[in-house]
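Worksheet: the structure to be examined is printed underneath.
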Amino acid sequence: MGHVLDATATPTPPDAMGAGPGPVRALDPRTRILAAGAFALVTVAIDSLLVLLIPLAMAGVALLAARLPMRQTLKRMVAVDGFILFLVVLLPFSVPGEAAFYLFGWPASWAGIAQAGAIALKANAIVLMLLALVGSMEPTALGHALVRLRVPALLVHLLLFTVRYIAVVDGEYHRQRRAMTMRAFRPGTNWHSLRSLGYLIGMLLVRALERSERILQAMKCRGFTGRLPLLSDMRFRRRDALFAALLLAMLTGLLALDRLHVGAH
Amino acid sequence: MHIVDGALSTPVLIGGGIAAVGGLALGLRALSLEKIPAAGVLSATFFVAALIHVPIGPSSVHLIMNGLAGLVLGWAAFPALFVGLLLQAVFFGFGGITVLGVNTVNIALPAVLVGLLLRRGARGADRRVAALSGLLAGALAILLTALMVALVLWLSGNEFIPAAKLVVLAHLPVAVIEGLICAAAVILINRVKPELFSALVPPAPQVALR
């Protein structure tokens, strides 16, 4: 969230895109995107609870290698766990099976607990890996990598514009909220608060449109033709191939181990 | 509500992915390069709006505002909301990768439907009709989203039925709140800059700008 919302962050020069401290940032952005995708697909396919501990450990290693601020990243995980908590609480009571314990006379099944645990492990492992491999990228590097991965340029343009203006609009939002606070606005559950927030959002949209008109004029003035200039030279290097081979071997191993483990039951 | 990786069954994930690609293709057809700055800044605004928390009693909910996005963006709501979800997944860790398609459809399809149904009322001259359209758009979009989340959970397995019911129940107050906020926003836009409702969705078929 830091670099998406932070307006003061200095933009990285194009040639430095994707590069940075740590082994993860030395990899090509495309490698990181594809790796996160492959990791997610394999992790989702694993059935055994024990085997699922391995992807979580892999994600933990990737997180350390990406050198992301640990506290912030783990705080973000808590948000993911809001939904999981919800399922974890309900699933043991809705999956039929041998009862593990009773709560107010309701049986909680072992099978339900196992399923909830599997979801929690999968979701956390994938989100951690995603934050480590892709979340550690400059948002612009993400856009440029996506274009090179054959994502439609129009969609990537939209992504880059959104990334660029989130910080600007967020700044505007906070200015308006400060103005409201100065006038003793305290949000509550009442029509006055909801109307004020509605007007605020409406005003943000009106200003957004007016800003976009100025942006378009400025772009036309500079001869914008619609091509996305790809200044960065992304190149697959030997370490990308090494990383890909290692990951592929580990993911294949995971799938094999899972089949063995499930087969053993 | 972001569904996480690992909860849904494979057929549901694949179906959601295909539907999302279709919606994105249709949404991108509604956009041209000329409209990208407007769509991008509006998309950023909806991203920021989704960070706003509204107190409900002792707790609070964050807004989704997909109804208003549908009114303003039309089919372009699909790529705009997809971009928002992608950024949230990658940089915030909300949601996941394999569920990205399902999450996009759950939020963007109600937005588009509501936009098709109610945009005419929202940009009309009658302010009462506009306010009512806004109210309906905000509330209906959330209800449809909650129903779709419930549907994909139910399709993924009978054990999710209690969770699916709870999702719908928990979104009822959110629908009321989003409806009221959306109504206020529509009233303001209708008075201040009604062109906003036709910035990305031309009121009548017209020659494309070149």
Side-chain angles (χ1 to χ4, degrees), chain A residues 1 4 36-37 40-41 44 76-77 79-80 83-84 86-87 90-91 93-95 112 115 118-119 122-123 126-127 130-131 134-135 142 152 154-155 157-159 161-163 165-166 169-170 173 187-189 191 194-195 197-199 201-206 208-209 211-212 215-216 219 226, chain B residues 1-7 24 28 31 33-34 36-45 47-49 51-52 54-57 65 68 72 79-80 83-84 86-87 89-94 96-98 159-163 166 177 180-189 192-193 196 199:
Chain A
M1 146 161 67
V4 176
L41 287 180
V44 164
R76 262 168 239 173
M77 299 253 316
V80 179
F83 183 88
I84 299 166
F86 182 72
L87 285 178
L90 285 176
L91 271 179
F93 300 98
S94 58
V95 177
Q115 194 179 346
I119 293 174
K122 286 179 189 181
I126 294 173
V127 157
L130 186 65
L131 286 173
V134 188
L142 172 65
L154 207 57
L155 187 60
H157 270 299
L158 186 64
L159 175 86
F161 261 96
T162 306
V163 164
Y165 286 100
I166 282 174
V169 176
D170 193 55
Y173 164 66
T189 316
W191 171 229
L194 297 181
R195 189 182 50 189
L197 288 174
Y199 284 172
I201 292 173
M203 205 58 220
L204 285 178
L205 287 170
V206 168
L209 188 70
R211 185 187 294 277
S212 80
I215 295 166
L216 184 63
M219 284 165 62
Chain B
M1 165 136 297
H2 302 73
I3 303 179
V4 296
D5 279 318
L24 282 174
L28 288 177
L31 284 175
L33 269 170
E34 193 95 353
I36 284 291
V41 186
L42 291 172
S43 160
T45 311
F47 188 96
V48 171
L51 300 174
I52 300 177
V54 177
I56 300 191
M65 281 290 132
L68 191 59
V72 173
V83 162
L86 179 69
L87 292 175
V90 169
F91 296 109
F92 289 63
F94 294 161
I97 305 178
T98 61
E159 67 271 23
F160 289 117
I161 289 176
L166 207 62
I177 283 182
L180 292 172
I181 292 183
C182 187
V186 166
I187 292 171
L188 180 119
I189 296 168
V192 177
K193 202 171 173 83
L196 191 60

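Proteins get letters first, then strands, A, B, ... in listed order; numbering begins at 1 in each. All values below were derived from every heavy atom in this structure, side-chain atoms included, with hydrogens, water molecules and symmetry-related copies excluded.
For the atom pair CG of A:L154 and CG of B:L24, the computed distance is 11.0 Å after rounding to the nearest 0.5 Å. Atoms CH2 and CD1, on A:W191 and B:I181 in that order, are 9.0 Å from each other to the nearest 0.5 Å. If you take CG on B:L28 and CG on A:L158, they are separated by 7.5 Å, rounding to the nearest 0.5 Å. To the nearest 0.5 Å, the span separating CG on A:L197 from CG on B:L180 amounts to 11.5 Å. Note that CG of A:L131 and CZ of B:F91 are 9.5 Å apart. Values are rounded to the nearest 0.5 Å. Of the inter-residue distances, the one linking A:L159 atom CG with B:I36 atom CD1 reads 10.5 Å to the nearest 0.5 angstrom.
Heavy atoms of B:I161 lying under 4.5 Å from chain A are absent altogether. If you measure heavy-atom distances from A:L90 to chain B, the contacts under 4.5 Å come from the side chain alone. A:Y173 touches chain B through its side chain: at least one heavy atom from C-beta onward sits under 4.5 Å away, while N, CA, C and O do not. Both the backbone and the side chain of A:M203 come within contact range of chain B, each with at least one heavy atom under 4.5 Å from a heavy atom of that chain. Of the atoms belonging to B:A89, heavy atoms from both backbone and side chain fall under 4.5 Å from chain A.
Among A:T162, A:I215, A:V206, the residue making the largest number of heavy-atom pairs under 4.5 Å with chain B is A:T162. Contacts with chain A were tallied for B:G6, B:P37, B:G96; B:P37 has the most, counting heavy-atom pairs under 4.5 Å. Heavy-atom pairs under 4.5 Å with chain A peak, among B:L31, B:I52, B:V186, B:L68, at B:I52. Note on A:L142, A:V95, A:L155: by heavy-atom pairs under 4.5 Å with chain B, the leading option is A:L155. When A:P187, A:G112, A:G37 are compared by the number of non-hydrogen pairs under 4.5 Å with chain B, A:P187 comes out ahead.
Under the rule for a salt bridge (charged side-chain N to carboxylate O under 4.0 Å, His left out), A:R195 has no partner lying at least two apart in sequence or in another chain. Residues satisfying the side chain to side chain donor-acceptor pair (under 3.5 Å) test with A:S212, not counting sequence neighbours, are none.
Minimum interatomic distance between B:I97 and A:A36 (heavy atoms only, all atoms of both residues): CD1-O, 3.5 Å. Minimum heavy-atom separation, A:L194 to B:A184: O-CB, 4.4 Å. The minimum heavy-atom distance linking A:V44 with B:D5 is given by the pair CG2-CB, 4.4 Å. In terms of heavy-atom proximity, A:S94 sits nearest to B:P162 at CB-CG, 3.5 Å. Of all heavy-atom pairs between A:A208 and B:L42, the closest is CB-CD2, 3.9 Å. Smallest separation of non-hydrogen atoms from B:A199 and A:L209: CB-CD1, 3.6 Å.
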* To do: May I have the step-by-step check of side chain to side chain contact (heavy atoms under 4.5 Å, CB included) for B:F160 and A:L91, ending in yes or no?
  => CA-CA 7 Å; B:F160 289 117; A:L91 271 179; 3.9 Å; yes
* To do: Start with the C-alpha distance between B:L87 and A:I166, add both sets of side-chain angles, then the distance that settles side chain to side chain contact (heavy atoms under 4.5 Å, CB included), and finish with yes or no.
  => CA-CA 11 Å; B:L87 292 175; A:I166 282 174; 3.8 Å; yes
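Of the residues listed (B:T45, B:L188, B:V192), the one engaging A:L205 in a side-chain contact (heavy atoms from CB on, under 4.5 Å) is B:T45, and it is the only one.
No side-chain donor-acceptor contact under 3.5 Å links B:T98 to the backbone of A:L41.
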